[in-house]
Student: 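One structure, pasted below without further comment.
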Protein chains: 2
Amino acid sequence: MSIFSVDYKNRKPIWEQLTDNVTDLVLRGLLPLGEAMPSVRAMAAELGINPNTIQKAYVELERRGVIISIPGRGSFVTTDISALLTERLESAAAALSESARAAKEAGIERERAIKIIEDVWGE
Amino acid sequence: MSIFSVDYKNRKPIWEQLTDNVTDLVLRGLLPLGEAMPSVRAMAAELGINPNTIQKAYVELERRGVIISIPGRGSFVTTDISALLTERLESAAAALSESARAAKEAGIERERAIKIIEDVWGE
DNA sequence: ATAACTGTACTATCTGTAATAGTACAGATT
DNA sequence: AATCTGTACTATTACAGATAGTACAGTTAT
């Protein structure tokens, strides 16, 4: 059972699922910084997916700054995730704000919204 | 300029965009209850979209209880949106909770989350 | 050196789904 | 009667994602 996962039933393209998945694993510390990633072909074999699809995901992961690929050597998890962490922080704040706006629009009371927040942070 | 809108660049299928769009308009009171909807063919002409695509959206809208279609007469906005309103309320609460969980995971402080909520409800 | 790895770069093809095109029918309205 | 309505089909087109196959240059280990 691999820590990498894709879902054919998901509407999101496989290569995009994989980039999100790997980004998440790195940010959660489940993929050690500097660690070697499975090679494109190895990952393809592991997930039963075409190497071209994996390649596309790796290109995007490098563009995002999650991994670094070196021809002949392999792909490695980046050693500096500070930029990634702040990016995620801000996008999460924006998403929360957006979600709150929708909730208000739907008729959620201010008190109920506060309670939802407190419940989550109290878990 | 129609109040109905679709976006070809959106990943979501057109018929699904339209069902969401109409549901939203009804719940926001921008489409009077009991009002006649544009006919399948009229809506198709108005949006420049194939009637079959509109038809698919209308079937889904009726399944959701947003409209009622009567062969030979037309399609009409439902007169009872109470069930729809509570559905939307609960799904918005669930979405907010989920979004809050992600924010916490990303490292958002409890105080900042509360402030985001207060800012939105204070708008 | 040579074999077996790496990432990368192509072209061609397959496939599933959304959207389109066209036709038809029965009921309602005017 | 003419013209609307929703509904039900089949056939076709269009597009994007995924696959298949090949190739090349750089690295690594034997």
Student: Without decimals, in angstroms, what is the distance between A/N52 CG and C/dA12 P?
Tutor: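 Between P of C/dA12 and CG of A/N52: 14 Å.
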
Student: State which residue, out of B/T23, B/L25, B/V66, B/I67, fulfils the side-chain contact (heavy atoms from CB on, under 4.5 Å) condition with B/L31.
Tutor: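 Answer to the side-chain contact (heavy atoms from CB on, under 4.5 Å) test with B/L31 among B/T23, B/L25, B/V66, B/I67: B/L25.
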
Student: Is it true that B/E118 and B/K115 have a side-chain N and a carboxylate O under 4.0 angstrom from each other?
Tutor: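 No, this pair does not count.
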
Student: Ion pair present between A/E90 and B/R112, side-chain N to carboxylate O less than 4.0 angstrom?
Tutor: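 Looking at A/E90 and B/R112, the cut-off is met.
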
Student: Once you round to the nearest 0.5 Å, how far does CD1 of A/I116 lie from CG of B/L96?
Tutor: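 Answer for the CD1-CG pair, A/I116 versus B/L96, is 4.5 Å.
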
Student: Assign B/E62 to base, sugar-phosphate, or nothing according to its heavy-atom contacts below 4.0 angstrom with the strands shown.
Tutor: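 Result for B/E62 = sugar-phosphate.
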
Student: Starting from C1' on C/dT17, measure out to OH on A/Y8 and report it in whole angstrom.
Tutor: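 The distance from OH of A/Y8 to C1' of C/dT17 comes to 17 Å, rounded to the nearest Å.
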
Student: First contact, last contact: which nucleotides of DNA chain D are these for chain B, 5' to 3', heavy-atom distance under 4.0 Å?
Tutor: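 With heavy atoms of chain B under 4.0 Å away, the range is D/dT5 to D/dC9.
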
Student: Would you mind telling me which of B/V22, B/I49, B/I54 makes a side-chain contact (heavy atoms from CB on, under 4.5 Å) with B/F4?
Tutor: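 Result: among B/V22, B/I49, B/I54, B/V22 is the only option passing the side-chain contact (heavy atoms from CB on, under 4.5 Å) with B/F4.
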
Student: Here's a test of your reading of the structure: between B/W15 and B/I70, which maps to the more 5' nucleotide of DNA chain C?
Tutor: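 The residue whose closest nucleotide sits nearer the 5' end is B/W15.
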
Student: Taking atom C1' of C/dA21 as reference, at what distance in whole Å does atom CD1 of B/I54 sit?
Tutor: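 Rounding to the nearest Å, CD1 of B/I54 and C1' of C/dA21 are 15 Å apart.
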
Student: Sort and list the pairs that fulfil salt bridge (charged side-chain N to carboxylate O under 4.0 Å, His left out) and have at least one residue in residues 34-57 of chain B, not counting sequence neighbours.
Tutor: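 Counting only pairs at least two positions apart or across chains, no salt bridge (charged side-chain N to carboxylate O under 4.0 Å, His left out) contact touches residues 34-57 of chain B.
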
Student: With the threshold set at under 4.0 Å for non-hydrogen atoms, list the residues of residues 30-50 of chain B touching DNA chain C in residue-number order.
Tutor: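 Residues of residues 30-50 of chain B under 4.0 Å from DNA chain C: B/R41, B/I49, B/N50.
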
Student: To the nearest Å, give me how far apart CD (B/E60) and P (C/dA18) are.
Tutor: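 Those two atoms, CD and P, are 13 Å apart.
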
Student: Side chain of A/S75 only, heavy atoms from C-beta on: which candidate in C/dT29, C/dG7, C/dT20 is closest?
Tutor: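 Selected nucleotide (nearest to the side chain): C/dG7.
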
Student: What I want to find out is whether B/R63 reaches B/E60 closely enough, with some N-O distance under 4.0 Å, to be called a salt bridge.
Tutor: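 Salt bridge between B/R63 and B/E60, a charged N being under 4.0 Å from a carboxylate O: yes.
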
Student: Tell me: CG of A/N10 to P of C/dT17, nearest whole Å?
Tutor: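 So the two atoms are 14 Å apart, to the nearest Å.
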
Student: Quick one: on DNA chain D, does A/K56 or A/G72 contact a more 5' nucleotide (nearest heavy atom)?
Tutor: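 Mapping each residue to its closest nucleotide by heavy atoms, the 5'-most match is A/K56.
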
Student: Give, for atom OG1 of A/T78 and atom CG of A/L33, the distance between the pair rounded to the nearest 0.5 Å.
Tutor: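 If we round to the nearest 0.5 Å, A/T78:OG1 and A/L33:CG are 7.5 Å apart.
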
Student: How is B/F76 classified with respect to the nucleic acid when contacts are heavy atoms under 4.0 Å: base, sugar-phosphate, or nothing?
Tutor: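 Nothing, no heavy atom under 4.0 Å.
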
Student: When rounded to the nearest 0.5 angstrom, what distance separates OG1 in B/T79 from CD1 in B/I68?
Tutor: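 The distance works out to 6.0 Å.
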
Student: Roughly, in whole Å, what's the span from NZ in A/K9 to C1' in C/dG16?
Tutor: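 Value for this atom pair: 16 Å.
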
